[in-house]
**Student:** 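After the structure tokens below, expect a handful of questions from me.
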Amino acid sequence: MDELRARAGAHGNAAIDECLAGRIGRRELLRYLAAIGVGGLALPRAALARSAQAGQSTQRGQAGATIRVAALTPTGAVDPVRLSDPAGIGIVCQSAEYLIDDDGDTLTLRPSLAVSWQSDADGRTWTFRLRDGVRFHDGRALDAADVVATFDRLTDPAVGSAGLSVLKGVLSKGGARRADRLTVVFHLDAPNGNFPYYVSSDNFNAAIVPADYRGDFEKRSTGTGPFRLERFTPMVGASFVRNHDYWGGAVLPERVEFRFYADQQSQLLALRGGDADLMVDFTPLNARSMLQDRQFRVSRVRSSAHRQLHMRCDRGPFADARVRRALALSIDRGAIVDGFFLGRASAGADHPFAPVFPSTPPASPQRGQRIDEARRLLAEAGFPNGFSSTLTTETYMELPDYAVLLQSAARSIGIDLRLRVESQAAYYGTAAFGQSDWLDAPVGLTDYGHRGVPNIFLEAPLTSNGAWNAAHFRDGGYDKLVKSYAAALQLADQRRIASQIVDRLQRETPVIIGYFYDGLALSRRSLQGFAFTAISQIWLAHASFS
């Protein structure tokens, strides 16, 4: 403990005191210390891959295997700069890497292309030291200039990066600067105590590519990772071969093959039929029989992934917060956790502070089903006989089934929700206001993948100028609270502000967050050593068959 205190600094020691007082757990302490750059806590990359599956054998297997992944068909071109769908995320991380990895098991930041990071006293300037000896697949050495160019590309409004919505207001173009060959300094737009997560694998657009990258990821291997892209065939699949010069040590599989499927049921059938060895992201209810089959293993990681039901706060019946709260109180959240996820989820209470976050207030009020109160709120808002609206959602995992459940819950209090279920491409459109059913629908149900900290969930979907503000929620007081939360370096301060945010969101209820579900992988029992995250990243460098 003395050694840890000596390295932790003032902010880290405050968190250690919180842990010793029993206000946070050891896991939360380690996550917070990693976020602020306290060194000496990281496992080697190989240990990360071997430890990521609870209860899975860690015996090192034989090299040379081909591992087949059943993946969904990417909804667009696979390009880390514009990436937005789960299928593309899993493909990119085979050959491209991040400055830091958000470990899928302990949810702690681990060094990857960066070996250390540290902020100044107020969290506005962050210095990252890069790993020496790393080379891109074309033989060029990784340089700080490549990192600077990557983040200039992501933050340039003219590029159209999907990562801009995450980095907006946090880092602007020109904010990343090369100090020397192995040092990058980030000058932020505002203080941010959780900034390392914005440049980690948590931000799946932040894969480091060469400074002269031209958006041709599907045509050539442009990363530093354990596998080189061999072939990409749209609508069919992608294959990778072992990178013998990988900085992270020996890579076990000779080949990795991603095969694309139209839906989750097709993926499950491929696994059952022997055409695939692994898939990630599935609804347990749809795979109930396979969960009990000894041929397969289910692996699980904790997650902040969830679904958001947004309600337009700027027009129509949902402009009244009482109507929004009424709909929230019509839902039986325990039934969702048990029915859809067979217990592999936790109930949500209409705010994005998931149980996995260290800053989540320990005594956050829960939200149960209260039909009588919901009907009373509707009557007070002027809708004693209810009203009609349309709920639009996407065809992805359990979302269509969840929409039917929400429709039934709404009907119980007099609200008639007509359902409109679209393909993901149709639902998201151009992801711009006025050109996206996601951002324009009066009521919409959207998937939100896992993040290691709540900042992005608090900002992009809910702040007045948020790029994903489908609820059209505008509350200056909320905006100020989120800004204060982002700037807080002390864990105790983050929790204090989080409590105020929770109170405000539950009062206003611009979105309904009914549950947080665990990240799941289904694999052949003989496959060992792989790791995954709840945002569809799959690490296979140390995978093998027993």
**Student:** Ion pair present between Arg524 and Asp277, side-chain N to carboxylate O less than 4.0 angstrom?
**Tutor:**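 Asp277 and Arg524: salt-bridged.
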**Student:** Can a donor-acceptor pair be found between the side chains of Gln424 and Asp85 at a distance below 3.5 Å?
**Tutor:**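 Absent: no donor and acceptor within the cut-off.
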**Student:** In terms of the angle between their ring planes, are Phe128 and Trp117 parallel, tilted or perpendicular, with boundaries placed at 30° and 60°?
**Tutor:**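 Ring orientation of Phe128 relative to Trp117: parallel.
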**Student:** Please find the pair of heavy atoms, one from Arg333 and one from Ala347, that lie closest to each other, and give the distance.
**Tutor:**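 Closest approach of Arg333 to Ala347: CB-CB, 4.1 Å.
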**Student:** What heavy-atom pair brings Asn192 and Asn194 nearest, and what distance separates the two atoms?
**Tutor:**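 Where Asn192 meets Asn194 most closely, the heavy atoms are OD1-N, 2.9 Å.
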**Student:** Taking atom types as modelled and ignoring hydrogens, do the side chains of Thr392 and Asp437 form a donor-acceptor contact shorter than 3.5 angstrom?
**Tutor:**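 Per modelled atom types, Thr392 and Asp437 side chains form no pair under 3.5 Å.
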**Student:** Tell me yes or no: between the side chains of Ser289 and Arg272, is some donor less than 3.5 Å from an acceptor?
**Tutor:**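 Judged by distance alone, the side chains do pair up.
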**Student:** Measuring from Gln407:CD to Ile415:CD1, what's the distance to the nearest 0.5 Å?
**Tutor:**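 Between atom CD of Gln407 and atom CD1 of Ile415 there are 12.0 Å.
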**Student:** Can you see which heavy atom on Phe282 is nearest to which on Ala521, and at what distance?
**Tutor:**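 Scanning both residues, the minimum pair turns out to be CE2-C, 3.8 Å.
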**Student:** By ring-ring contact (aromatic ring centres under 6.0 Å, His included), which residues pair with His137, not counting sequence neighbours?
**Tutor:**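 Testing His137 for ring-ring contact (aromatic ring centres under 6.0 Å, His included), a comparison that skips the adjacent residues, returns none.
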**Student:** Of all heavy-atom pairs between Thr393 and Ala403, which one has the smallest distance, and what is that distance?
**Tutor:**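 Nearest heavy atoms, Thr393 then Ala403: CG2-CB, 4.1 Å.
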**Student:** ring-ring contact (aromatic ring centres under 6.0 Å, His included) with Phe217: which residues, sequence neighbours excluded?
**Tutor:**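 Listed in chain order: nothing, the list is empty.
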**Student:** For Arg367, enumerate each residue passing the salt bridge (Lys or Arg N to Asp or Glu O under 4.0 Å) test, keeping only those at least two apart in sequence or located in another chain.
**Tutor:**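 Testing Arg367 for salt bridge (Lys or Arg N to Asp or Glu O under 4.0 Å), a comparison that skips the adjacent residues, returns Asp350.
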**Student:** Atom CG in Leu445, atom CD1 in Ile512: separation rounded to 0.5 Å?
**Tutor:**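 These two atoms lie 9.5 Å from each other.
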**Student:** Taking everything shown except Arg525 itself, do over 12 heavy atoms lie less than 6.0 Å from its CZ?
**Tutor:**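 More than 12 within 6.0 Å, yes.
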**Student:** I'd like to check the ring-ring contact (aromatic ring centres under 6.0 Å, His included) partners of Phe204; sequence neighbours left out, ordered by chain and number.
**Tutor:**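 Testing Phe204 for ring-ring contact (aromatic ring centres under 6.0 Å, His included), a comparison that skips the adjacent residues, returns none.
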**Student:** Passes side chain to side chain contact (heavy atoms under 4.5 Å, CB included), Thr283 versus Asp401? Steps please.
**Tutor:** CA-CA 11 Å; Thr283 306; Asp401 294 327; over 6 Å; no
**Student:** In Å and rounded to the nearest 0.5 Å, what is the OH to CZ distance from Tyr448 to Phe457?
**Tutor:**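 That separation rounds to 8.5 Å.
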**Student:** Got a second to check how far Arg288's CZ is from Asp293's CG, nearest 0.5 Å?
**Tutor:**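 Result: 15.0 Å between the selected atoms.
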**Student:** Considering all heavy atoms of both residues, which atom of Ile67 and which atom of Pro253 are nearest to each other, and what is their separation?
**Tutor:**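 Smallest heavy-atom distance, with atoms named: CD1-CG, 3.7 Å.
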**Student:** Hey, are Lys173 and Asp152 close enough for a salt bridge, meaning a charged N less than 4.0 Å from a carboxylate O?
**Tutor:**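 A salt bridge is absent here (no side-chain N lies under 4.0 Å from a carboxylate O).
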**Student:** Please name the pair of heavy atoms, one in Ser200 and one in Ala206, separated by the smallest distance, quoted to 0.1 Å.
**Tutor:**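 Nearest pair, atom of Ser200 first, then Ala206: O-CB, 4.3 Å.
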**Student:** With sequence neighbours left out, which residue pairs that include part of residues 252-262 fulfil the side chain to side chain donor-acceptor pair (under 3.5 Å) condition?
**Tutor:**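 Checked against side chain to side chain donor-acceptor pair (under 3.5 Å) - neighbours excluded - the pairs reaching residues 252-262 are Glu230-Arg255, Arg242-Glu254, Arg255-Glu257, Glu257-Arg259.
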**Student:** For Asn465, look at atom CG and say whether over 12 heavy atoms of other residues, nucleotides or ligands are found less than 6.0 Å away.
**Tutor:**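 Not more than 12 within 6.0 Å, no.
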**Student:** Would the Tyr213 and Phe136 ring centres measure less than 6.0 Å apart?
**Tutor:**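 No, too far apart.
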**Student:** Could you tell me if the ring centre of Phe340 sits under 6.0 Å from that of Tyr517?
**Tutor:**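 They do not qualify: ring centres at least 6.0 Å apart.
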**Student:** Per the salt bridge (charged side-chain N to carboxylate O under 4.0 Å, His left out) rule, which among Arg140, Arg135, Arg228 passes with Asp245?
**Tutor:**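 Among the candidates, only Arg228 passes.
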**Student:** Should the pair Asp216-Arg214 be classified as a salt bridge under the 4.0 Å nitrogen-to-oxygen rule?
**Tutor:**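 Looking at Arg214 together with Asp216, the answer is no, because their closest N to O distance does not fall below 4.0 Å.
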**Student:** In terms of ring plane angle, is the pair Tyr428 and Trp438 parallel, tilted or perpendicular, where the classes change at 30° and 60°?
**Tutor:**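 Rings of Tyr428 and Trp438: perpendicular, as their planes differ by over 60°.
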**Student:** Decide if the gap between the ring center of Tyr485 and the ring center of Phe353 is smaller than 6.0 angstrom.
**Tutor:**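 Under 6.0 Å, so yes.
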**Student:** Tell me, which pairs form a side chain to side chain donor-acceptor pair (under 3.5 Å) where one or both residues lie in residues 157-170, sequence neighbours left out?
**Tutor:**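 Counting only pairs at least two positions apart or across chains, the side chain to side chain donor-acceptor pair (under 3.5 Å) contacts touching residues 157-170 are Ser165-Trp468.
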**Student:** Would you mind telling me which of Thr155, Leu188, Ile456, Asp189 makes a side-chain contact (heavy atoms from CB on, under 4.5 Å) with Leu167?
**Tutor:**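 The option that passes is Thr155.
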